[in-house]
Amino acid sequence: QVQVAESGGGSVQAGGSLRLSCTVSGLNFADYTMGWFRQVPGKDLEGIACIDYRTVVKTYSSSVRGRFRISKDNAKNTMFLQMNNLNPDDTAQYYCAAVDNSKTLYQLCSASSYATYWGQGTQVTVSE
């Protein structure tokens, strides 16, 4: 059984930092392209950062590029999202997603429907 679990969310003031983690079990993590999505109430899921299964190629949405950094540790079955210089617009529920390497990281980040597995989400709240 595949399990995907995010952690590291919380409340922070604008300009602060948080580091999200996503731990996966039940599959060969090294064969999976991974991504971070976020969602605010009333809006669609937004793919914000994705990384290919080999951890070589990364892509970011324009809303987070230069502030967030995605990484993947295949030895620890864990993906990370380092979030710096947070602002209130970053307030959202953050989700971890996985898809096998038949899909590219660009496909995954462009449409949440490409994801096969999802975590339960972790809330990030940024105050002024």
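Numbers here simply count residues along the sequence, with the first being 1.
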Run the side-chain donor-acceptor check on residues 117-128: report pairs under 3.5 Å with partners two or more places apart or on a different chain.
{"from": "Q120", "atom 1": "NE2", "to": "E6", "atom 2": "O", "distance (Å)": "3.4"}
{"from": "T122", "atom 1": "OG1", "to": "G9", "atom 2": "N", "distance (Å)": "3.2"}
{"from": "Q123", "atom 1": "NE2", "to": "A92", "atom 2": "O", "distance (Å)": "3.4"}
{"from": "Q123", "atom 1": "NE2", "to": "T125", "atom 2": "OG1", "distance (Å)": "3.4"}

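- Side-chain atoms of N84 and S17 form a donor-acceptor pair, as typed in the model, at a separation below 3.5 Å.
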Let me see the working for S63 and E46 under side-chain hydrogen bond (donor to acceptor under 3.5 Å, both in side chains), right down to the final yes or no.
CA-CA 10 Å; S63 58; E46 176 191 12; 2.9 Å; yes
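- Of all non-hydrogen atoms in Y53 and N101, the two that sit nearest each other are CD2-CB, 3.3 Å.
- No side-chain heavy atom of F37 sits under 4.5 Å from any side-chain heavy atom of I48.
- Taking 4.5 Å as the limit, some side-chain heavy atom of L105 sits within range of a side-chain heavy atom of V57.
- The side chain to side chain donor-acceptor pair (under 3.5 Å) search around D52 returns R54, not counting sequence neighbours.
- Of all non-hydrogen atoms in K43 and Q39, the two that sit nearest each other are O-NE2, 2.9 Å.
- Here the side chains of N87 and R67 are in contact, with some heavy-atom distance below 4.5 Å.
- In this structure, Y95 and L45 have side chains that are in contact, with non-hydrogen atoms separated by less than 4.5 Å.
- I51 has its side chain within reach of M79: a pair of non-hydrogen atoms, C-beta onward, lies under 4.5 Å apart.
- Taking both residues in full, the closest heavy atoms of T78 and K76 are given as OG1-O, 2.8 Å, listed atom of the first, atom of the second, then distance.
- F80 carries R19 over the face of its six-membered ring, with the cationic atom under 6.0 Å from the centre and within 45° of the normal.
- Side-chain contact annotation: N74 with K72, donor-acceptor N/O pair under 3.5 Å present.
- The heavy-atom pair separating D73 from F29 by the smallest distance is O-CE2, 3.7 Å.
- One hydrophobic cluster holds both M83 and Y60 under the rule that ILVMFWY side chains link at heavy-atom gaps under 4.5 Å.
- Across C96 and V4, no two heavy atoms sit closer than the pair SG-CG1, 3.7 Å.
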